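Every chain is numbered from 1 and lettered A, B, ... according to where its sequence line falls, protein lines coming before strand lines. Since this is a predicted model, take the numbers as computed values, not measurements.
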Amino acid sequence: MKVRVSLPSATQRVGMLFGFWLVLAMFGPLLAPYAPGQIIDTQVFAPISHQHWLGTDYLGRDLGSRLLYAVRYTVLICTLSTAFSCGCGILLGVATTATPAWVEQVAGRLMDGILSIPSLLCALLVIAAFGDSLMALVLTMGVIYTPGAYRTSRALALRIARMDYITVAMARGEGRLFIIWREILPNMRGPLLADVGLRFIYAVLLLSNLSFLGLGVQPPLVDLGSLVRENVLGLVYGAVAVVLPTIVIAVLTVGINLVLDATAGRRS
Amino acid sequence: MSAGLARLVARRIGTALCSLVFVVVAIFFMTAALPGDVADMLLGQNATPAAAQALRHSLHLDQPLWLRFMHWCAGMLHGDPGTSLLTGRPVSEMLAPRLYNSLLLAGATTVVSVPLALLLGLACATWRDTHFDRVMTVLTLGVVSVPAFLIATVAVFVFAVQFRIVPALSDIRSIHSVGQFILTFAMPVSTLASITMAQMIRMIRACMIDVFSAPYIEMAVLKGVPPIRIVLHHALPNAIGPVANAIALSLSSLLGGVVVIETIFNYPGLAQLMVDSVMLRDVPIIQSCALLFCLTYLFLTTLADIVALASVRKGRGA
């Protein structure tokens, strides 16, 4: 028999919003009129004009083009690290409901250990040790947010594992993997998606903070946080170059958070 | 009942000690894995093999890793975290004034944010689903979901650049009077407090709404108890556990904000020292700063859990 899980429209909205950002990250730079590093004007911090739709930055580069590339790096790095953390977290969280107790003990202690280092501090330490390549950033943020995903998915899986239909499935003699894959995972999809969305926001915040401190994405690459950092001098003139990236970050995080909040409100 | 509680608390403290060991080991081995030889880096162009060897010996870098770890732990226990690689001064001497400054900032933030957050959180829960509550929900959600530097940047732009009320940087050496103290601390404390408060208000609101839905509150309403008395005498005493838990958790998340805020306002605190040391790869300082931060964080989260445990027990027993 086919189990149909009807998605609430709020979950679909989260998906649509996220899809929009992903498409923008993939294909946005194609729209960029200039190369991100190309100096096109002698006037720095130029205001919005016909030639430069979003003005220029502190070196006279086209801000619109740079913004498109910045969105690409922020969204892609955070997507990859969220995929890593939630993949590992959910795998471990669900798997430990079916493994011997000592596996759960070891995994739980390890996760507690990672959780007991503040996230920004942990990122600083790892970057001090392994440098700030894109790969290191993705892995660092992935590891930092694994315990959160582990805890959520484990709590969800444990609650579902106590349900009657799991007992029935076990009585039917179905294998553990089959039960996890066909009975447990499909039924935790909704709350799990909300959790993934939250981790994504955390990742965006952490990456922006790191880049703002000068320890995240390094030039010539650019992300939203480093865009704010390099143009922060323009704050004195109220330049578009520093205001706009901050607005984009806010729209990205607040938007997803608002949709998630609506989802949570509906469920409870 | 109290024996059971004592056992639970003891178990929580045991877990915290496990985490502490994990943290200490993680901090040491992560920073020990730094690429490049410290001796070569310090000597620069003068790195003859003999000089590098001598320096390595004096820094104990020729010893195996576990022996260095033991030395490091012993040093920490004796209150001697080593000397800075770059300045050659003892780490404790460099850390002490920074620690004092950071504690000052954190203390001022706590004093400002906790009572305000309590008041606003209570107000939100009491006047649930009114315009006031909706505005607060959107505001707190907005503050929670933007990076810390964004709030600080906007605050600097509005108050220091546009209105010129307060200085943009915190030069704490020029403080000679209470007025100057308030002016200097106004920006960093208010930005830090707004970040912490947003989180606290959301959690306190959730706790209080939970309590307000209890049958005894309904009973009190039906008896005709005035609203203020319901909040102060019936709801608040029963919510103290969860609320204290929320406050401790929010304060522990203040640490992340401190790093960003100190950097932006050029505030000479512990976090700024750590960020600078990460850029300069000054390992002993990174280790000590990280350890101090992790200890505070661990202490606050453990405290939050113990308070939560104690309050749950009390609620069930009563």
Greatest number of heavy atom pairs closer than 4.5 Å to chain B - which of [options]:
| options | value |
| --- | --- |
| Ser119(A), Pro118(A), Gly113(A) | Pro118(A) |
| Asn209(A), Val204(A), Leu120(A) | Asn209(A) |
| Leu206(A), Leu125(A), Asp112(A) | Leu125(A) |

Closest non-hydrogen atoms of Leu124(A) and Val278(B), given as atom of the first, atom of the second and distance, are O-CG1, 4.0 Å
Within 6.0 Å of [atom1] in [X], more than 12 heavy atoms from elsewhere:
| X | atom1 | answer |
| --- | --- | --- |
| Arg151(A) | CZ | no |
| Tyr202(A) | OH | no |
| Phe299(B) | CZ | no |

Does any backbone or side-chain atom of Thr301(B) lie under 4.5 Å from a heavy atom of chain A? Answer side chain, backbone, both or neither. neither
So, the part of Thr302(B) with a heavy atom under 4.5 Å from chain A: the answer is neither
Once rounded to the nearest 0.5 Å, what's the spacing between atom [atom1] of [X] and atom [atom2] of [Y]?
| X | Y | atom1 | atom2 | answer |
| --- | --- | --- | --- | --- |
| Thr246(A) | Leu150(B) | OG1 | CG | 5.0 Å |
| Cys122(A) | Tyr297(B) | SG | OH | 10.5 Å |
| Ile27(B) | Leu121(A) | CD1 | CG | 7.0 Å |

Just do the side chain to side chain contact (heavy atoms under 4.5 Å, CB included) check on Phe22(B) and Leu110(A) with the steps written out, would you? CA-CA 8 Å; Phe22(B) 177 89; Leu110(A) 190 67; 3.9 Å; yes
Sort Val126(A) into side chain, backbone, both or neither according to what part of it lies under 4.5 angstrom from a heavy atom of chain B. both
Turns out that what part of Leu115(A) lies under 4.5 Å from chain B's heavy atoms comes down to backbone
Is there a side-chain contact between Phe212(A) and Pro147(B) in this structure, where contact means two heavy atoms from C-beta onward sitting under 4.5 Å apart? no
From the list Val254(A), Asn257(A), Val251(A), Ile201(A), side chain to side chain contact (heavy atoms under 4.5 Å, CB included) with Val146(B) holds only for Val254(A)
Under 4.5 Å, counting heavy-atom pairs only, tell me which of Val260(B), Thr263(B), Leu298(B), Leu141(B) racks up the most with chain A. Leu141(B)
